[in-house]
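Below, each value reflects all heavy atoms present in this structure, side chains not excepted, and no hydrogens, waters or symmetry copies. Just so we're on the same page: letters track the sequence lines, and every chain starts at 1.
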There are 2 protein chains.
Amino acid sequence: MNELTPLRRVTIIDIAREAGVSPSTVSLVLQKNERISAETRQRVEDVIQRLGYKYNRSAANLRRQTSQAIGLIINDICNPFFAEMTAGVQSVLQGTDFLVFLVEAGDDVERQSRVYRSLEEHGIGGLIIFPASETKPEFLERIAAGGTPICVAVRRPPDADVDYVGPDNRLAGRMATRHLIDLGHKRIAFLSGEAHSPARIDRIAGYRDALQRAGLKFDPALCLESRPTRANAIIDVQKALDLKDPPTAAIGYNDNVAIAAMHGLRLRGVEPGRQFAIIGIDGTSDAELAHPALTTVALHAHDIGRRAAELVLERIKAPSRVHENVILRPNLIVRSSCGSR
Amino acid sequence: MNELTPLRRVTIIDIAREAGVSPSTVSLVLQKNERISAETRQRVEDVIQRLGYKYNRSAANLRRQTSQAIGLIINDICNPFFAEMTAGVQSVLQGTDFLVFLVEAGDDVERQSRVYRSLEEHGIGGLIIFPASETKPEFLERIAAGGTPICVAVRRPPDADVDYVGPDNRLAGRMATRHLIDLGHKRIAFLSGEAHSPARIDRIAGYRDALQRAGLKFDPALCLESRPTRANAIIDVQKALDLKDPPTAAIGYNDNVAIAAMHGLRLRGVEPGRQFAIIGIDGTSDAELAHPALTTVALHAHDIGRRAAELVLERIKAPSRVHENVILRPNLIVRSSCGSR
DNA sequence: TCGGCAAAGTAGAACGTTCTACCAAGATTG
DNA sequence: CAATCTTGGTAGAACGTTCTACTTTGCCGA
């Protein structure tokens with residue numbers, strides 16, 4: 001009323017006074033509760049407009065003991081896979097009142113628990129996490145038990161009883177291998193990735209499946225193993241070339257490895273796509289920019305993020321729903337790095 | 001005390017009772033206030049450990065009318081430039097109690113004000129924003145006037161009186177052009193980007209500077225203009241090739257454009273790096289993966305994020321500091337797309 | 001001895017919502 | 001016509017901190 005004291009922020013109480021109702025009523029209007037008659041609602045809404053009221057979620061959070069924020073713990077936002085996954089999460093949160101707290105844990109359990117603690121302090125209504133590789137299932141289960149709706153993404157914790165959404169790594173490995181076999185390749189390398197990585201284990205399993213199905217025998221020498229960096233990928237592909245019976249094609253542990261491997265080939269004067277087939281696994285948009293454009297098995301990072309967010313939102317509504325395991329089917333995207341064209 | 005009622009969360013009051021002090025004291029301990037004697041502090045801290053107390057920031061936010069969250073509004077997280085910038089922000093927030101609310105506004109003013117409103121409701125202690133291109137300076141100034149520490153990044157709002165950190169686009173344009181001139185090129189195209197974009201205007205200004213300095217004359221026909229998508233970049237480079245007096249080199253409006261342009265060249269049987277020089281502007285890690293590896297002018301997205309976060313943190317501490325304008329100096333990164341190898 | 005001051009701690013009212021009871025007044029029913 | 005139900009609303013106590021303004025105690029100097 002007094003236009004001379006615009007210092008205090010306008011609260012639900014100011015609205016109530018101005019609209020001639022109680023604060024409770026304003027609160028109910030805010031929550032779109034149908035308990036309130038149309039005319040009262042209208043009146044309150046008008047006042048809200050007029051006074052430029054801003055909802056204070058901190059107060060609501062305190063009172064309701066929850067928060068409209070979702071924690072999103074990933075490895076590294078510069079990795080396009082995670083960037084796309086993050087975009088997927090955002091796409092579903094977009095239309096809601098939820099916001100995301102993004103944090104990177106860099107595949108470090110120590111840091112992961114630190115950032116989780118911080119998320120907890122700030123208050124989150126749910127959590128989507130790509131767990132660090134050394135994560136113990138109890139860590140995730142303790143979070144779930146604590147009442148925080150949680151969805152684990154991409155990296156399946158062995159036996160943790162929580163919601164999960166991720167790719168079918170085995171099928172992806174199989175599809176990639178199958179594609180190369182269909183193109184007539186008999187000696188196919190698998191480049192990079194760390195031996196203990198569950199993703200790699202599954203992809204290799206798929207690779208072996210496809211080999212076996214085609215009556216080709218598995219040669220361990222063709223499976224190079226290393227941290228999946230660009231530098232290692234270059235080394236690995238060259239090691240493969242140096243074998244007594246060298247491969248004519250290779251699967252990259254991921255797109256990055258595959259792209260770097262193409263560089264490695266050229267350093268040896270081998271032209272990828274023409275003299276050697278390369279296929280990646282990931283399907284990030286980077287693959288399209290490579291030259292030759294990378295044939296790859298898309299894991300649908302965006303959809304993983306989307307589904308994970310949907311799952312968390314559902315669990316927020318119904319905390320005791322039975323846990324879901326969502327496995328997304330990969331897709332082969334044929335471009336030119338395997339010579340088809 | 002009663003171990004049979006573990007349902008309620010443990011609060012500062014429980015700690016106080018257990019440690020035989022008042023809640024005020026516990027609060028002071030939490031804030032590391034030196035008002036409290038060493039032994040009392042120790043006692044309280046022990047109890048905190050023992051009971052597994054978790055600080056409730058929502059309550060603190062409500063009381064203090066602020067929040068330890070920083071809003072980060074960007075265009076699109078899948079763009080490596082923004083991903084790197086985000087990582088830069090995280091790198092400084094890392095050691096603090098701040099967390100970031102990440103939101104994408106997709107260069108849409110409408111959406112931008114919606115997400116800002118949402119950030120406001122959730123409560124933020126500061127804001128870093130890459131403003132949508134149609135953003136009015138008043139929008140930013142109103143935020144600052146409202147008391148929210150704000151730092152604008154990358155895209156300079158004309159005359160808005162706020163903190164800003166961004167690249168020197170003009171110098172970047174000059175450096176790119178200069179490099180090509182030094183390599184002996186006389187006809188240099190500038191590919192893509194929208195005419196009204198301030199970044200492009202500045203980069204073109206730098207391009208003209210360098211041309212003039214070298215005694216070369218500016219030919220508007222060599223400046224192609226379009227939304228900087230991959231498809232447009234391919235079209236633009238081909239248009240350039242079709243000119244009566246075609247260029248022998250080109251500057252991409254950004255790295256993405258440059259990489260796509262290389263594809264465009266190859267579609268015409270022109271080998272980038274050997275028969276035509278291409279240089280980008282951005283310096284995201286993608287450039288390294290391209291083939292040939294892209295020579296580019298690095299704008300240091302990571303550092304922009306880092307500085308922006310530092311500026312916001314400083315302004316949170318000292319709200320009335322004079323506004324700063326931080327301009328980061330670009331760097332030429334020579335790889336092989338201009339033939340120098 | 002007394003006034004003053006520093007050190008260490010405390011009381012208690014906020015902060016802005018939500019939500020469980022509760023209430024008043026019509027409408028409906030037997 | 002009394003009993004019950006429905007509709008539309010309200011009172012007021014939380015939620016867990018923070019922070020201003022005390023209080024208490026001991027010490028010091030005059």
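B:Ser67 and B:Asn61 get closest at one heavy-atom pair: CA-OD1, 3.4 Å.
If you take CZ of B:Arg41 and P of C:dA7, they are 15 Å apart, rounded to a whole angstrom. B:Arg35 places its CZ atom 14 Å from the P atom of C:dA11, with the value rounded to the nearest Å.
Considering only residues two or more places apart in sequence or on other chains, B:Arg35 meets the side-chain contact (heavy atoms from CB on, under 4.5 Å) condition with B:Asn33. Partners of A:Phe101 under the ring pair (Phe, Tyr, Trp, His ring centres under 6.0 Å) rule, at least two apart in sequence or in another chain, are A:His122, B:Phe101.
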Just the atom pairs and distances: protein N or O near nucleotides 15-19 of chain D's N or O, under 3.5 Å.
residue	atom	partner	partner atom	Å
D:dC15	O3'	A:Gln65	NE2	3.4
D:dC15	O2	A:Arg63	N	3.4
D:dG16	OP1	A:Gln65	NE2	3.2
D:dG16	N2	B:Ala59	O	3.4
D:dT17	OP1	B:Tyr53	OH	2.6
D:dT17	OP2	B:Ile12	N	2.9
D:dT17	O5'	B:Tyr53	OH	3.2
D:dT18	OP1	B:Tyr55	OH	2.6
D:dT18	OP2	B:Ser27	OG	2.6
D:dT18	O2	B:Arg63	NE	3.4
D:dT18	O2	B:Arg63	NH1	2.4
D:dC19	O4'	B:Arg63	NH2	3.4
D:dC19	N4	B:Ser24	OG	3.3

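Remark: A:Glu134 CD is loosely packed, at most 12 non-hydrogen atoms of other residues, nucleotides or ligands lying under 6.0 Å away.
Of the possible donor and acceptor atoms, none in the side chain of B:Thr148 sits under 3.5 Å from a partner among the backbone N and O of B:Ile150.
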